[in-house]
There are 2 protein chains.
Amino acid sequence: MFYVMIMHLSLLRRRINLSFIQFAPAFGQVERNLDTALRLARRAKSGIIVLPELFNTGYAFRSKEEVRRLAEPARDGGTCRTLVTLSKMKSSTIVAGFVESDRGSFYNSAAIVSKGKFLGVYRKLHLFHKEKTWFSPGNLGLRVFDQDGFKIGVMICFDWIFPEAARTLALKGAEVIAHPANLILDGLSQTVMWARSIENMVFTITANRVGVETRGGETFRYTGRSQIVSPKMKVLARAGTMREAVASVSVDLGSARKKVIFGENNIFEERRVKEYHRSFGR
Amino acid sequence: MFYVMIMHLSLLRRRINLSFIQFAPAFGQVERNLDTALRLARRAKSGIIVLPELFNTGYAFRSKEEVRRLAEPARDGGTCRTLVTLSKMKSSTIVAGFVESDRGSFYNSAAIVSKGKFLGVYRKLHLFHKEKTWFSPGNLGLRVFDQDGFKIGVMICFDWIFPEAARTLALKGAEVIAHPANLILDGLSQTVMWARSIENMVFTITANRVGVETRGGETFRYTGRSQIVSPKMKVLARAGTMREAVASVSVDLGSARKKVIFGENNIFEERRVKEYHRSFGR
């Protein structure tokens, strides 16, 4: 009886709500953006909640000085502390992008916090466009965080185009990939994220921003369409292209464990590693 | 003047027609299927022409004996000889799937022939479902064929779900990936092939079959939707789900050489190889 109950509880624990929060951060207005995030987070169910890349600052920096001014240390910076508090209130795990300062360097990072604890950061590996001017490339690798037995990988925005990023996270055991983003390429990226889900048989949560930023002689039109995609490439939730949006779906993360398609093919065990290009790995 | 002409010719030579031929092979009726292929090939423009996986035999084998009976050696088998002749008549490069017999083993192979010459075969690396019973896994690696300066990689059907297959071909220099297929998974695979195009910035030609096969207690419904996709993920041609179809598009293969997106990011040079999972490569 006791054993049966334990089994039952452990099965139950594989179910969790996945959520994205999509909105248009106002450039440089950190307090206002944090307020927006807190307001929208009320509409997300407790579970794993993903906010956009650079959700607290906006994206279109004009100078390194601006980057410096808006950067914050991880863990003890104001944004991370707010996220930690929010994660406690919501009894949730939250992944959200911010500019991280660390020993004079700046990173396009995502914090991961859970139930009142700061778990760590992922620093974006593949920098897009002018990000190469503002940020240092990530130096912490691709990370999977185990929280309550749920294995959460993190990648940011342009990492989508490199299949190795999601693949590495999945090979490290990620069941769900949190993908904060500021996507601009006409929805191409969202479609490629469908591929990332099925080729790795993981859930993906892309939290994209909306709105337009015109700064420093450039205009960025963000494409919204935040989405949650299943390991079988079913789009479980999708936002529009213009408005703020929150969506939560209840899923069984266990379904991202067995890598079997069509009842017969294990897409991890059947990789023909010796035949792949040697430059895939170190 | 002479120099300018040479330059001009070499630029011209990067343009080529890409084509797929989609139809419903009749199981076991090799002569009839070859005839159908010859008839449809008339409608394809000269260039690179791709036919479906196992286009000459059909797919749904019932026994190893059937496989043995329908298998042919590469190069000197009847199907390869017909393809060689066709390639000469069409002044084209042709990629087409067939069951290859070699020293008592059978492979789900694709022949590549060009302008009257047999160039070689690719043997499918990742076998789907019952193919594991009928065929030996490919043992020739992922191959890129250089024909008239056009670099053509070959993969077959289920290889689509392994990002390493297309990636390996692209890293080996493929500008276009010929992808003979017998796809059944509701068009998921075709969408993932869009990702294969943009993540590697290569052209992909998926030649899928149509029709239904009910044999050996199983029913396969093939999904058609053969397609040609550009390095920027534009679907240049697409067939329907039910009927035979031929499409040709003229492209500049040179556009698959520069791996630059958004004018700034070289997606090959910017790979963070040291951060990728070591099991990607040998």
Side-chain angles (χ1 to χ4, degrees), chain A residues 124-132 137-142 158-172 184-189 191-201 232-234 261-265 267-268 270-282, chain B residues 124-132 137-142 158-172 184-189 191-201 232-234 261-265 267-268 270-282:
Chain A
K124 190 176 185 179
L125 282 181
H126 306 97
L127 298 176
F128 182 70
H129 194 52
K130 287 194 182 161
E131 294 172 34
K132 295 181 210 170
N139 57 1
L140 299 175
L142 288 150
F158 191 54
D159 289 331
W160 67 265
I161 208 169
F162 300 87
E164 296 91 345
R167 188 58 134 194
T168 296
L169 291 170
L171 290 171
K172 288 184 173 179
I184 56 170
L185 296 173
D186 281 342
L188 297 184
S189 337
T191 304
V192 173
M193 288 303 295
W194 304 354
R196 298 292 169 256
S197 280
I198 194 168
E199 74 201 18
N200 295 300
M201 297 193 85
K232 291 192 173 167
M233 205 168 129
K234 192 162 172 197
I261 202 161
F262 207 71
E264 198 126 9
N265 286 91
I267 60 164
F268 272 27
E270 293 176 18
R271 295 169 68 238
R272 299 287 308 275
V273 175
K274 283 186 191 146
E275 308 298 347
Y276 303 152
H277 199 277
R278 64 186 184 287
S279 95
F280 269 117
R282 57 200 94 186
Chain B
K124 189 176 185 179
L125 282 181
H126 305 96
L127 298 175
F128 182 71
H129 193 53
K130 286 193 181 161
E131 293 171 35
K132 294 182 211 170
N139 55 1
L140 298 176
L142 288 151
F158 190 54
D159 288 332
W160 67 265
I161 208 170
F162 300 87
E164 295 91 346
R167 187 58 135 194
T168 295
L169 292 170
L171 289 171
K172 287 183 174 179
I184 56 170
L185 296 172
D186 280 342
L188 298 184
S189 337
T191 304
V192 173
M193 287 304 293
W194 304 354
R196 299 292 169 256
S197 280
I198 194 169
E199 74 201 17
N200 295 300
M201 297 193 83
K232 291 192 173 167
M233 204 166 130
K234 192 164 171 194
I261 202 161
F262 207 69
E264 198 127 9
N265 286 90
I267 60 164
F268 273 27
E270 294 175 18
R271 296 168 67 238
R272 299 288 308 275
V273 175
K274 284 187 190 145
E275 308 297 347
Y276 302 153
H277 198 277
R278 66 185 181 286
S279 94
F280 268 117
R282 57 201 91 187

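Order of the sequence lines sets the chain letters (A, B, ...), proteins ahead of strands, with each chain counted from 1.
Ionic pairing of A:E264 and B:K132 is not present here: no N-O contact between side-chain nitrogen and carboxylate oxygen is shorter than 4.0 angstrom.
In this structure, CG on A:N265 lies 6.5 Å from CZ on B:F162, to the nearest 0.5 angstrom. A distance of 9.5 Å separates CE in B:M233 from CD1 in A:I161, rounded to the nearest 0.5 Å. Between atom CG of residue B:L188 and atom CH2 of residue A:W194 there is a gap of 10.0 Å, rounded to the nearest 0.5 Å. The distance from atom OG1 of B:T168 to atom CZ of A:R272, rounded to the nearest 0.5 Å, is 12.0 Å. Rounded to the nearest 0.5 angstrom, A:H277 NE2 and B:K172 NZ are separated by 7.0 Å. We find the CZ-CG distance between B:R271 and A:L125 to be 12.5 Å, quoted to the nearest 0.5 Å.
B:A166 pairs by the side-chain contact (heavy atoms from CB on, under 4.5 Å) definition with B:M155, B:I177, B:R196, B:N200, not counting sequence neighbours. With sequence neighbours excluded, no residue satisfies side chain to side chain donor-acceptor pair (under 3.5 Å) with A:K234.
Heavy-atom pairs under 4.5 Å with chain B were tallied for A:L142, A:N139, A:T191, A:L140; the largest tally goes to A:T191.
B:P163 and A:R167 make their closest contact through CD-NH2, 3.4 Å (heavy atoms, listed as atom of the first residue, atom of the second, distance).
The aromatic rings of B:F128 and A:F262 sit tilted, their planes meeting at an angle between 30° and 60°.
A:W160 is listed as a side-chain neighbour of B:I198, based on a closest heavy-atom distance under 4.5 Å.
Neither the backbone nor the side chain of A:L169 comes within contact range of chain B; no heavy atom of the residue lies under 4.5 Å from a heavy atom of that chain.
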